[in-house]
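Structure first, commentary second.
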Amino acid sequence: MGETNTDAVIVDAAGRLIAQVKTATTPDVTNGIQAAIAQLLATNPVPRRAIRCVMLGTTHASKAILERRHLGRVAVVRIGGPATRAFPPLALWPDDLRTAVSAGEIVVDGCIGIDGEELMPLDTDAIVGFLEPLAGRVNAVAVTSVYASVSEAQELAAARIANEVLHGIHVSMSHEIGTFGLLERENATVLNAALIGCIAGVASALEVTLRAHDLDAEVYLAQSDGTLMAVDYALTHPALTIASGRANGVCGAARLTGIDDALVVDVGNAAIHVGMLTKGLPLEATGAHRIGGVMTNFRVPASVDVEVGAGSIISGHGAGVVVGPQSVGSRLSQEALVFGGSTPTVIDAAVAAGRAVIGKPQRTRPHRRMLSTALSKIDGRIGTAAAAMKLSSESLPMIVVGGGAFIVPDAFEGVSQVVRPVSHEVANAIGAATASVGGNVDRLVDLATGDADAAVEAAREAAVARAICAGADPQRTTTVVEELVPLAYLTNPAARIRVEVTGPPASLG
């Protein structure tokens, strides 16, 4: 479900496309899902009992943050006093987002050493005193320990207290949400807690629609790393869906072409996302990234964004031609020149250049010079983004997907070929429908007190457990990433261990 269009597909067990539709996304989530599934089933008489799984990719979480809507009130607990009190939680948040989300913040004492031993006990009384006045005034609690990358013990203890004081309230814990970096991990955890109600609404809308169509299928939501999670897991980890659209587009490009290493250009109605396929998986972004004005460290696909899409408005003359950032959005089929409207858009520029035959091309003639100038600027921006995305000077294929794929030209410097696969317009839905369930672990270990191989094995077991919890088939999990990186700047020999495990949905076993 994108901001403008909802794409829906049916695929078989081998990932082959059976049916596809594209509908307009509606403001009401239930109606949008209902329309897409109804139209999809009408295009192909697949027996209802044959549909085993329903996968949903949605932008609702990111939209809620950007618009400051449908966000819950969160009590924010940081375990890291007295050392981190000088820089309190949410200090760098935009005022409007902090006002919308935070019901209060506290930093409590607690400390765990690199060897996992507790150096300072958790101040449980401070947590109780902070939470008791908030009873009935908060929707969730976010707990972040400075030391969660070493041990989650104090986060778990704080979560138990929150459940006792606030009677079973949802608690987001940073060791389940973010990676390294205190402030970014804390921000990610708070946003996850704030999104519980938002994603519950989406899941409820999908459940209503499935019942209406007599579909008895397991539901999975797409994660931002290109994997899936069962709906129950998603209800407690909603922030993991934030960049799922971009990941789905990259994964869909791989499924449609069979290409494992390539640039991927996903052309939407208001923006173009340039990503990278590496060994059949989305290249993961490094470092922190910003959403809604807040720095976070969710695991998301690396991408360079061009704030131009098929519906972007073109204006100006000569050297002063401007493309975007305004877009006609869902009104594209009414307002673009080729559809009888009066607003020059990027789709008009592509039609005028002969890259697509849509609507009434003759209506672009009075604007040809402006449209040609605009298209040249767009080509340059896409080329620059592609060059920035590449990891080396080696030429790579470029897979172009999305409803506006025809906008992209047939050649770029450093690109061996431009590939527009059949059904590229529903690549995001195909990426979600054919994905595996995933689980990952990213932790810091003390090698002075233990064996490196044993630490890796423990991390692998934890990643498998998370994948199974997220809905993977326990008998068919596969380790796709396993890294041990020594950290030379600590007193004790230590390492960062990262393991990612995937497996097919258990309901397909």
With side-chain contact (heavy atoms from CB on, under 4.5 Å) as the criterion, how do Val501 and Thr478 come out once you've worked through the C-alpha distance, each side chain's angles and the decisive distance to 0.1 Å? CA-CA 5 Å; Val501 170; Thr478 301; over 6 Å; no
[Y] versus [X], side-chain donor and acceptor atoms under 3.5 Å:
X: Thr434; Y: Arg255; result: yes
X: Ser342; Y: Glu335; result: no
X: Thr345; Y: Asp348; result: yes

Between [X] and [Y] (side chain of the first, backbone of the second, donor and acceptor by atom type, cut-off under 3.5 Å), is there such a pair?
X: Lys360; Y: Leu337; answer: no
X: Arg52; Y: Ser507; answer: yes
X: Arg331; Y: Gln334; answer: no
X: Asn139; Y: Arg73; answer: yes
X: Arg48; Y: His213; answer: yes
X: Lys377; Y: Val323; answer: no
X: His424; Y: Gly402; answer: yes
X: Asn192; Y: Ser172; answer: no
X: Arg68; Y: Gly292; answer: yes
X: Thr479; Y: Val481; answer: no

If you define the side chain from C-beta out and look only at heavy atoms, does anything of [X] sit under 4.5 Å from [Y]?
X: Ile177; Y: His237; answer: yes
X: Leu283; Y: Leu391; answer: yes
X: Ile347; Y: Leu332; answer: yes
X: Trp93; Y: Val101; answer: yes
X: Leu195; Y: Ile242; answer: yes
X: Phe412; Y: Ile382; answer: yes
X: Pro301; Y: Glu284; answer: no
X: Leu17; Y: Asp12; answer: no

Looking only at heavy atoms, what is the nearest atom pair of [X] and [Y], with distance?
X: Thr241; Y: Ser224; value: C-OG, 3.4 Å
X: Leu90; Y: Ser102; value: CD1-CB, 3.7 Å
X: Cys53; Y: Ala217; value: N-CB, 3.9 Å
X: Arg98; Y: Ala91; value: NH1-CA, 3.8 Å
X: Gly57; Y: Asn248; value: CA-ND2, 3.9 Å
X: Ala467; Y: Val437; value: O-CG1, 3.6 Å

Only distances under 3.5 Å count here; give the side-chain donor-acceptor pairs of residues 264-282 to other protein atoms, sequence neighbours excluded, each with its distance to 0.1 Å.
residue	atom	partner	partner atom	Å
Asn269	OD1	Gly311	N	3.2
Asn269	ND2	Thr4	OG1	3.4
Asn269	ND2	Gly329	O	2.7
His273	ND1	Asp305	OD1	2.9

How many angstroms lie between [atom1] in [X] and [atom2] in [Y], if you round to the nearest 0.5 Å?
X: Ile199; Y: Leu221; atom1: CD1; atom2: CG; value: 5.5 Å
X: Cys469; Y: Glu176; atom1: SG; atom2: CD; value: 8.0 Å
X: Ile10; Y: Thr43; atom1: CD1; atom2: OG1; value: 6.0 Å
X: Glu218; Y: Met55; atom1: CD; atom2: CE; value: 10.0 Å
X: Arg246; Y: Thr59; atom1: CZ; atom2: OG1; value: 11.0 Å
X: Glu207; Y: Leu215; atom1: CD; atom2: CG; value: 12.5 Å

Salt bridge between [X] and [Y], side-chain N to carboxylate O under 4.0 Å?
X: Arg466; Y: Glu500; answer: no
X: Arg299; Y: Asp225; answer: yes
X: Arg496; Y: Glu483; answer: no
X: Asp214; Y: Arg49; answer: no
X: Asp442; Y: Arg498; answer: no

Which is it for Leu375 and Leu371 under the side-chain contact (heavy atoms from CB on, under 4.5 Å) test, yes or no, and what are the steps along the way? CA-CA 6 Å; Leu375 199 59; Leu371 295 177; over 6 Å; no
Any side chain to side chain donor-acceptor pair (under 3.5 Å) involving residues 362-376? Give me the pairs, sequence neighbours left out, ordered by first then second residue. none
Pair listing, side chain to side chain donor-acceptor pair (under 3.5 Å) test, anchored in residues 386-415, at least two apart: Asp410-Arg420
Could you walk me through whether Leu256 and Ile399 pass the side-chain contact (heavy atoms from CB on, under 4.5 Å) check? CA-CA 10 Å; Leu256 287 170; Ile399 307 170; over 6 Å; no
Would Arg185 count as a cation-pi partner of Phe180, with NZ or CZ less than 6.0 Å from the six-membered ring centre and within 45° of the ring normal? no
What do the steps show when you test Ile65 against Leu191 for side-chain contact (heavy atoms from CB on, under 4.5 Å), and what is the final call? CA-CA 8 Å; Ile65 296 170; Leu191 288 177; 4.1 Å; yes
